[in-house]
J.: 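Questions regarding the structure given below will be posed in turn.
Below, all heavy atoms of this structure are taken into account, side chains as well, without hydrogens, waters or symmetry copies. First listed ligand is number 1; within each ligand, the first listed atom is number 1.
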Amino acid sequence: KLAGKNSWRIYQAEQDISRDMVQTMQWSRRIQQALENELFVLHFQGVYHTHSNRVSHYEALIRMREAPDVELVAPAHFINIAEQSGQILAIDRWVLSHSILTLATRPDIPAIAVNLSGRSLDDTGLTDYILELLTHNQIDHARLMFEITETAALSDLQDAQRTIQALRQMGCSVSLDDFGTGFASFAYLKYLDADVLKIDGLFIRNLCEEPDNRVFIKAIVDVAHGLGKKTVAECVETAEIHMLLQELGVDMMQGYFLHKPAPLV
Ligand code: C2E
Ligand code: MG
Ligand code: MG
Ligand code: MG
């Protein structure tokens, strides 16, 4: 106070920064413990074919179990920190190996889609790691799918392009996740040759109130189909939205209306 208003503001900012740093370090330590003590859990959410209403595949979604009777920690709390610290590489590999083990023990499950962080796109050993797991467990490669966010793909176009190509050559399919929010022009689809465009929930959740979103979705569907790709809508929460998306020609749907993420039964 004696030094005046400006110095007070600076002091405040420094305090904020160090508080953030402490929190990041604490989370990073919790992630490390979760990796070492098998405290991660996978939930699975069905993705359904629009016309037949049958399950196309399940998306694997990670959670952290900190104690037996405590609510699971959502990925929003730790994925960003794991990306900053580099721990996401170990997390992505953990999710991969557990998804492949699930495919091996559950032949009734058509396929599992795994989310890959942007950091994993330059993990050069990743494709060999995947191939070895698939071969060892004798899994049909088409049963393993990948989701890469549009934003991650754009931030390193060359790595994304190389990874997508390698995974598809292996016989796995690739979706561009959260599509439509990453400021990609449609021209990028030439370089990011994925099988599926997964339309971000931002366009889906308020579809009934925002007529403009129909225009965006229709455009994405047209471009996808013109290029021989499929579309998925995420965050389908109501019957009304499901019907609108069906009219717009979206090929597959995922959301609380159909199936909430849960352990496999
Ligand atoms: P995402 O890949 O776009 O996953 C979809 C998110 O939307 C999931 O949140 C899912 O639970 C949620 N969701 C599904 N249906 C609905 C719905 O009808 N309404 C609403 N409001 N939400 C719905 P979740 O599980 O919290 O995951 C958040 C994000 O964290 C994921 O977004 C993904 O980017 C990331 N993530 C999750 N698991 C993994 C993982 O194993 N590895 C990596 N690298 N990232 C992951
Ligand atoms: Mg996803
Ligand atoms: Mg998504
Ligand atoms: Mg999303």
J.: Purely on distance, is any nitrogen or oxygen of Ile62 under 3.5 Å from one on ligand 1?
T.: yes

J.: Using every non-hydrogen atom in the two residues, find where Val250 and Thr50 come nearest and quote the distance to one decimal.
T.: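 Closest approach of Val250 to Thr50, heavy atoms only: O-OG1, 2.7 Å.
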
J.: Side chain, backbone, both or neither: which part of Asp92 comes within less than 4.0 Å of ligand 1 when only heavy atoms are counted?
T.: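 Only the side chain of Asp92 comes within reach of ligand 1.
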
J.: For atom 15 (N) of ligand 1, which of the options Arg205, Gln45, Arg119 provides the nearest non-hydrogen atom?
T.: Gln45

J.: Can you tell me which portion of Val236 lies within the under-4.0 Å heavy-atom range of ligand 1? Options are side chain, backbone, both, or neither.
T.: backbone

J.: With a 4.0 Å cut-off on heavy atoms, does Arg63 reach ligand 1?
T.: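 Under 4.0 Å: yes for Arg63.
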
J.: Check each atom of ligand 1 against the heavy atoms of Glu234 and keep those under 4.0 Å away; list them by number with element.
T.: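 Listed by number with element: 3 (O).
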
J.: I want to confirm something. Looking only at heavy atoms, which of Asn115, Val47, Leu61 is nearest to atom 4 (O) of ligand 1?
T.: Leu61

J.: Less than 2.8 Å away from the Mg ion (ligand 2), how many protein N/O/S atoms can be counted, ignoring water?
T.: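 With waters ignored, the protein N/O/S count below 2.8 Å is 4.
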
J.: Record the part of Asp177 in heavy-atom contact with ligand 1 below 4.0 Å; permitted values are side chain, backbone, both and neither.
T.: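 Side chain only; the backbone of Asp177 stays clear of ligand 1.
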
J.: When you measure from the side chain of Arg143 to the backbone N and O of Ile109, does any donor-acceptor pair fall under 3.5 Å?
T.: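 Present.
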
J.: Just by distance, with hydrogens left out, do Ser120 and Asp92 show a side-chain donor and acceptor under 3.5 Å apart?
T.: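 Side-chain D/A pair, Ser120 to Asp92: present.
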
J.: Quick one: which ligand 1 atoms are inside 4.0 Å of a heavy atom on Ser117?
T.: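 What qualifies from ligand 1 is 44 (N).
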
J.: Checking contacts here: is it the side chain or the backbone of Ile79 that comes within 4.0 Å of ligand 1, counting heavy atoms only? Could be both or neither.
T.: side chain

J.: Identify the heavy atoms of Val73 and Phe78 that sit nearest to each other, and give their distance.
T.: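 Distance-wise, the nearest heavy atoms are O-CE2, 3.5 Å.
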
J.: Looking at Cys235, is its backbone amide N or carbonyl O close enough to the side chain of Gln254 to form a donor-acceptor pair, meaning the two atoms are under 3.5 Å apart?
T.: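 Side chain of Gln254 to backbone of Cys235: no pair is present.
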
J.: Can you see whether Tyr129 has Arg93 sitting over its ring - NZ or CZ less than 6.0 Å from the centre and within 45° of the normal?
T.: yes

J.: Ignoring hydrogens and angles, tell me if any N or O in the side chain of Asn137 forms a donor-acceptor pair with the backbone of Leu101 under 3.5 Å.
T.: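 No; judged by distance alone, with no hydrogens or angles, the pair does not exist.
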
J.: Hey, does Pro261 sit under 4.0 Å from ligand 1 if you only count heavy atoms?
T.: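 So Pro261 counts as touching ligand 1.
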
J.: If the contact criterion is a heavy-atom separation under 4.0 Å, does Glu59 count as touching ligand 1?
T.: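 Yes, that is the case, since the closest heavy atom of the residue is under 4.0 Å from the ligand.
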
J.: Quick check on Ala74 - does any of its heavy atoms sit under 4.0 Å from an atom of ligand 1?
T.: no

J.: Could you list the residues that satisfy salt bridge (Lys or Arg N to Asp or Glu O under 4.0 Å) with Lys229, not counting sequence neighbours?
T.: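 Applying salt bridge (Lys or Arg N to Asp or Glu O under 4.0 Å) to Lys229 gives Asp193.
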
J.: Would you tell me which option among Glu237, Lys260, Lys198, Met253 has the nearest heavy-atom contact to atom 19 (N) of ligand 1?
T.: Glu237

